[in-house]
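Note sheet for the following structure.
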Amino acid sequence: MFKVHPIRHIIIIAVIIVVLFPVLWIFTTSIRRDNSSISPNLFSNQTTWQNYIDLIFEKPNVPLLYNDIANIYSLGSPYNKMNDKEILNVLNGDFNAYENYFKSTYRMSNSITSNASWISVNFIPKAKSLAIENVKENSNADLRYISIVSSDLAAKFNSLDQNYKMAGILDLLNSLKSSPDQDTIRIVGQYFPEIPQSWDNYKNSMSKAASALSNAPGNVSEILLESGVDNQMAKDLVSAYEETLNSLKNGTFTYGNWFAPIYLRRINMDTINLSNTIGSTSAAKLQNIKSMVFSTVQNVNSAFSSYDRSLSDAISKAQSSKTLLLSTLQSSLTVLSNNYNQLQNKLNTLTASSVSYLSAMSYDASQISIFSNNIVPTAMALDNMVSLVKSVLHQSKLSTQSDIFYDVSSYISQAKDWIAISSKYSIFDPITEQVQKILDDLNYIQNNQSVIYANLNSNAILNVKTSLPFVLLKLQSGLSMSIPVLQNYDTNAQKYKEASEQIPDVRKQLEEVSSEIGPIQEKINSINDKISIASLYFETLKSAKKIDEEAKNINSFKNADVFLNELNKYYAILQNSNIYSQLPPMPSSSRYDQFFNTQKLIDTVNLTLQTGNNLNKFTDEYSYYISNLKNRSKDYVNINVLGFPFSVNEINSINNLYQNQYVSIIGPNLGIISRMTNELADLPYFKEISGKLNSINDTSYYITQIWMQKYIPPLMRWLLNSIIVSGTAAVITVFLSSLMAYPFSRLRFRGRKYGLIGILLIQMFPTMMAMVALYLLLNFIGKFLPFLGLNTLGGLTFLYIGGGIAFNSWLIKGFFDTIPMELEEAAMVDGATRYQTFWRIILPLSAPVLAVTMILGFIGNYSDYILASIVMTGLNNYTFAVGLQTFSTGAYSSNWGLMTTAALIGMIPILALFLSLQKFIVGGLTQGSVKG
Amino acid sequence: MIKKAILWISVALIDAILGWSITLLFINGSYALGIIVILLLVFIDYALINPKGYPFRYMLPALIILMILTVYPIYFTFQIAFENYATGYMWTRDQAINILLDKVVISPNPKFFNYSVYTLYKDYKPTNDFVLLLKGPDGKLYIASSPQPSSAGRYTSSFEMLTNGSVSIDGVNYSVVRSLKDPSQIIAISVNGENYNYFYSPSDQSTFPNLKFFNSNYGSILSNTEFINPEIGTLFFTTTYGFNKLVTAKYEYTLSTMPVVENGHQVQKTVLVNTITGQPVLEHNSAFWDVDPSTGKQTMIIGYYGYTGLANFSSLLTNKQIMSPFLSVFIWTFEWAALSVVFTFAVGLILAIVLNNRNMRFRTIYRTLLIIPWAIPGFISIIMFRVGFFNVSFGIINRIFLGEWLHLPPINWFGDAFWAKVALFLVNTWLGFPYMMVISLGALQSIPDDLYEAASIDGSSRWHSFWTITFPLLMTPLAPLLIASFAYNFNNFNVIYLLTGGNPPIPNSITPAGQTDILISYTYNLAFGGASGRNYGLAAAISILIFAIIATISAINFKLSGSFEEVNK
């Protein structure tokens with residue numbers, strides 16, 4: 001119908017690759033030799049079948065054998081139930097296995113040793129010379145690069161002012177101060193010629209002194225011998241002379257060095273002491289020699305001091321150049337930053353004090369608001385009174401007399417004072433308003449005293465006169481008590497104002513100062529940059545000189561190493577400098593790989609020789625303990641079996657030996673050897689020995705397989721458990737289900753319909769949900785029928801049967817329905833009973849379908865994890881599914897080799913079954929499920 | 001005739017076995033299981049004896065197993081859904097009372113007794129017959145008789161003071177045999193003339209070789225023995241003092257009959273009494289409570305399980321800390337089942353369409369290779385995916401694909417809900433698409449070609465004819481399968497449990513719920529999850545809910561596929 005386009009194949013193949021990638025991964029990981037859970041590579045070319053061997057044959061290696069014999073001697077399970085003969089048999093088996101392991105260890109250890117020594121004798125000299133050639137060849141590029149950089153730097157350096165140059169040399173000079181160095185002195189000499197001059201002078205004076213004093217020790221010992229003095233003091237004196245002479249010869253004599261004063265003092269003291277014991281002529285001779293030596297040494301010393309002085313002069317000169325460059329800037333920077341700090345402090349104080357004034361003000365304001373409770377009612381009452389008075393006066397005539405109604409002048413002045421302050425602050429406006437009213441009212445009274453007095457006959461005014469004092473009293477208390485608070489508020493407000501006015505000013509100053517600081521800092525930085533260029537120039541000059549020298553004598557492996565070291569130092573100097581990014585790109589460092597790999601090869605070969613040696617010694621010692629145990633095993637076992645507590649010390653000794661030798665030294669070294677040889681064998685220039693390296697790699701891997709701590713779980717037992725349980729359950733389930741299905745398919749009886757619906761309902765209830773009940777049920781049954789209890793294969797089989805019957809009955813009923821009735825009817829006409837027709841006709845006819853159902857049931861049970869994990873708790877009773885979980889959790893979850901191997905072993909039977917019966921299974925599953 | 005005899009004999013045999021197990025079940029208090037077995041017995045007899053029961057004879061073996069392993073657990077689940085069966089309430093009331101009655105408390109001013117064991121030897125080997133020599137705090141010596149079983153798992157022994165080296169307890173004469181060399185050493189005890197040798201004492205190092213025998217043969221007896229003396233009181237070995245000394249102690253609770261106020265009436269009742277405070281123990285909220293006589297404060301001693309009605313169901317709806325995680329699990333379960341079907345079906349259908357061409361070369365090989373994920377047992381693939389692929393620090397996705405190749409930051413697969421769900425769908429699609437591919441292929445092949453020819457003559461595009469012809473025709477046979485697949489994924493415990501374990505957890509939940517937990521794994525956590533205790537009652541309640549949902553889905557499915565008609569045939 002459609003054309004088969006190649007794109008279909010491409011799509012399908014791409015999908016298949018993606019889909020099957022996990023399977024491929026499982027397989028490749030299971031045969032990897034390295035630790036795949038941390039390796040950065042998805043696949044590895046180092047393969048091994050070791051995981052399969054371990055899991056399928058479960059052959060214990062040495063640590064597992066050790067665990068076994070340790071268990072035997074402490075009579076752990078299952079040995080506590082064996083008699084002495086059985087135990088001895090097991091022990092002998094273990095000892096024989098040990099013997100084999102020792103033999104193969106010796107064999108393999110000798111093999112790696114002989115391979116390593118072959119390499120070291122026949123290949124390494126060649127490799128060394130090749131590596132040297134390689135270094136020589138490649139060094140030209142470096143030398144070229146260095147000369148480019150040097151000229152570049154020199155150009156930069158020459159464009160600098162003298163002062164920068166001087167400042168740059170400071171580092172070099174300081175390094176001279178601590179250790180004099182010929183090259184450095186020459187470089188420095190270009191700028192400070194007196195340094196090399198005085199240095200040469202010092203050297204000359206030393207060699208002169210040495211030749212002048214060459215006879216002194218001999219003369220002294222002769223004199224002493226003649227005088228017959230042969231004590232310790234005499235020896236000391238001679239050796240003091242000798243040491244002095246030696247240091248002069250070596251050119252290391254300096255008065256400041258620790259030994260010179262000691263030896264000179266000894267010469268002095270011993271000469272005096274010995275002079276007392278020997279004859280006066282000899283003593284005089286001794287004294288002569290001493291004074292000659294002292295005067296010569298004095299010359300040397302003064303030569304050194306002049307060198308030292310010239311160096312110090314140079315340093316101070318360089319230092320002063322540096323200071324000249326930086327000092328003004330530095331000092332103005334200091335001044336500015338001091339200034340800045342002061343301003344900052346001032347700002348801080350101002351801000352702090354203004355905050356504190358503010359808080360004092362708010363406190364005062366809240367006080368005033370309390371007093372306003374006194375003042376406001378007074379204002380209102382006074383207002384009422386004055387309006388009363390006004391209403392009376394309105395009608396009356398003016399008086400000419402000057403009588404006083406009530407003198408309120410003192411209150412007026414108080415109120416005025418109050419207002420004078422409060423009117424300044426809007427916060428008090430509401431109260432000020434009230435006080436103003438009071439003031440107006442009081443003024444009215446004060447201005448109209450005589451008129452009011454004239455109307456005293458009015459009732460209203462008389463009433464006012466009686467209550468006025470009370471109002472005024474309240475007013476008095478309110479005003480007089482609040483005025484100090486108000487004044488306080490006023491002063492605080494003044495201070496706050498002053499402080500806050502200053503703040504912007506100070507801020508501005510700060511900004512100014514900091515804007516001044518910036519450029520100065522920049523200037524300083526640029527000067528420092530220039531100085532560092534100068535100092536880089538000097539440093540590289542010194543280093544480049546060394547490299548040039550070393551490059552001339554790359555003739556031995558060691559010298560090549562020194563050369564590469566110097567080269568490294570040079571590049572490190574460049575990389576740390578701040579002009580690194582402006583330099584031309586450095587030649588790649590991998591050019592010297594051959595050299596470094598040769599070095600690695602030498603190290604690896606040495607490590608292999610050493611490890612082989614260690615391994616042999618270790619195995620000797622281990623086998624010594626084992627042979628001891630073997631000889632004594634009968635007695636040990638008997639004492640143990642008789643029930644007396646008996647500890648076997650050899651067991652502890654073996655463990656100590658193993659931990660101290662193998663775990664901490666040999667094992668890790670074998671790992672290193674394996675990794676290194678693998679790396680080196682791929683290199684083209686080691687092609688000649690790649691076979692030997694691979695052999696070392698393989699052999700050391702197999703040695704570790706014998707000796708390393710391993711986890712070898714009883715996987716085959718688990719697999720067998722799974723197969724037994726799943727298979728038995730599948731067979732029984734299908735048999736019982738077909739019995740159950742038959743009447744439902746062929747017979748009509750009461751309860752058939754409800755029976756079928758019941759089965760339908762029951763098979764919907766997930767077995768998992770009933771786990772609690774099943775657990776308790778098995779626990780209960782196990783008390784009476786132990787083979788069906790918890791942690792037994794029977795119990796789990798029983799559960800699987802129970803879980804499968806309802807579903808399978810329904811399925812098989814569907815199959816039976818498709819078989820025509822006529823067959824049975826014919827048989828029954830011939831006299832067959834119902835049961836016979838079932839057994840002879842129905843079952844054989846549906847056998848293929850039943851077989852498929854059985855296999856599906858088997859796969860289903862095999863794949864169950866959760867029921868098995870709850871029922872099976874003993875390690876030996878695990879099913880494969882539960883067992884596989886142990887590989888993926890805890891300490892062994894990073895041992896992917898073992899895990900994937902176990903997975904592959906477990907999946908292969910099912911995979912094979914499924915794929916070979918694909919047609920039937922797929923048909924059975926899909927059609928069966930369409931039906932039910 | 002012989003047939004008849006065989007029939008009757010087998011009926012008698014089955015009845016005898018079942019009768020025996022019914023008795024056992026009732027003795028053990030498993031009444032529900034007992035009744036189920038009685039029903040079975042009646043049914044078996046009916047099927048075997050009555051000719052009308054002939055069809056049932058075929059079913060009997062399967063039915064017995066179904067009853068025990070399926071019907072009873074379902075019944076049990078329904079029962080505990082209405083009970084408070086959970087951590088802290090794991091005992092029946094009777095068991096709880098027995099536990100309380102077994103509790104021993106050390107007296108306020110304890111007296112300590114040193115002891116040594118004297119054993120009867122037979123053929124130079126120690127036997128299980130032994131007596132004890134006790135040394136009181138005042139230095140007086142006592143003999144304790146060999147412990148005798150009193151009630152289930154308990155022993156009593158009486159001890160009396162030695163006078164002049166001998167004493168008589170319950171008509172048996174005990175006398176000490178002293179060493180001639182050192183009379184302070186008692187080397188044996190003579191019991192009615194037989195000598196019991198000095199065997200073990202925790203204060204004598206020379207007897208330590210016998211410790212192993214002592215621990216394995218006498219230890220369990222002695223730790224359950226009550227030593228009685230009318231004057232001194234009772235002595236016990238207590239775990240507080242190891243096995244080194246006996247101490248004056250007593251049972252903390254006893255049963256006694258006393259007047260109790262109940263519903264406003266005073267009635268005589270047997271109650272637990274705390275022997276230290278003398279107060280009767282209160283019983284409410286499915287637990288026993290001690291009362292402090294001075295303050296009246298109650299403290300719970302032990303809980304027991306029993307019927308609590310709809311409490312489990314109502315807590316799902318009313319208790320916010322249970323409801324909100326339950327709701328999120330509930331919603332995710334539907335999302336999970338639906339999206340799983342969508343993804344697997346989409347991938348499966350596309351591959352089926354690509355493969356659906358009889359002229360294609362290597363078609364069977366391709367199909368076989370694509371079936372492989374289905375053919376590998378699911379748990380193996382899931383574990384490999386979890387450890388090898390999705391592990392956050394080691395897994396090759398984070399470490400190699402993202403880290404080494406793409407230089408991307410690692411994905412927190414199981415710590416982030418979104419990525420955990422992505423991982424689940426990836427793995428489940430990988431596991432499930434072959435099934436979908438196979439059923440789609442089957443359905444595609446049953447669509448006759450002439451339909452397409454007619455459509456192409458009418459000028460229909462390929463895309464158009466897919467949606468108008470292929471898809472509708474596919475859905476008729478596939479719909480029931482897709483619904484079944486939905487039901488399967490609804491309860492797909494293995495993928496969730498083995499891949500994410502439900503992680504990451506839902507914050508602030510008092511039940512062990514995770515953001516990728518589906519109902520069934522959540523139920524599993526409730527019933528078997530470790531840290532926060534087990535709540536069987538709530539788990540059973542949710543199980544019933546799941547059962548109801550699955551039954552509804554299946555009912556729809558059966559309707560669609562016509563299974564119900566089959567029942568009525």
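We use all heavy atoms of the structure for the numbers below, so side chains are in, but hydrogens, waters and symmetry mates are not. A note on names: the letters A, B, ... follow the listed sequences, proteins ahead of strands, and every chain is numbered from 1.
The structure places CD1 of A:I762 at 7.5 Å from CE of B:M67, a figure rounded to the nearest 0.5 Å. The structure places CG of B:L369 at 5.0 Å from CD1 of A:I16, a figure rounded to the nearest 0.5 Å. Note that CG of A:N41 is 12.0 Å distant from CD1 of B:I396, once rounded to the nearest 0.5 Å. Here the OG atom belonging to A:S863 is positioned 9.5 Å from the CD1 atom belonging to B:I382, to the nearest 0.5 angstrom. Atom CE of residue A:M771 and atom OH of residue B:Y524 lie 6.0 Å apart, to the nearest 0.5 angstrom. Atom OH of A:Y742 and atom CZ of B:R57 lie 14.0 Å apart (nearest 0.5 Å).
Ranked by non-hydrogen atom pairs under 4.5 Å with chain B, the options A:F838, A:Y775, A:F880 are led by A:F880. By number of non-hydrogen pairs under 4.5 angstrom with chain A, the leading residue of B:F401, B:F56, B:F379, B:F394 is B:F379.
Taking 4.5 Å as the limit, every side-chain heavy atom of A:L42 sits out of range of all side-chain heavy atoms of B:E404.
Using a 4.5 Å cut-off between heavy atoms, B:I68 contacts chain A through both its backbone and its side chain.
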request  = Decide yes or no on side-chain contact (heavy atoms from CB on, under 4.5 Å) for B:I372 and A:V19, but give the supporting numbers first.
outcome  = CA-CA 9 Å; B:I372 285 179; A:V19 163; over 6 Å; no
Donor-acceptor list for residues 902-911 of chain A side chains, cut-off 3.5 Å, not counting sequence neighbours:
none

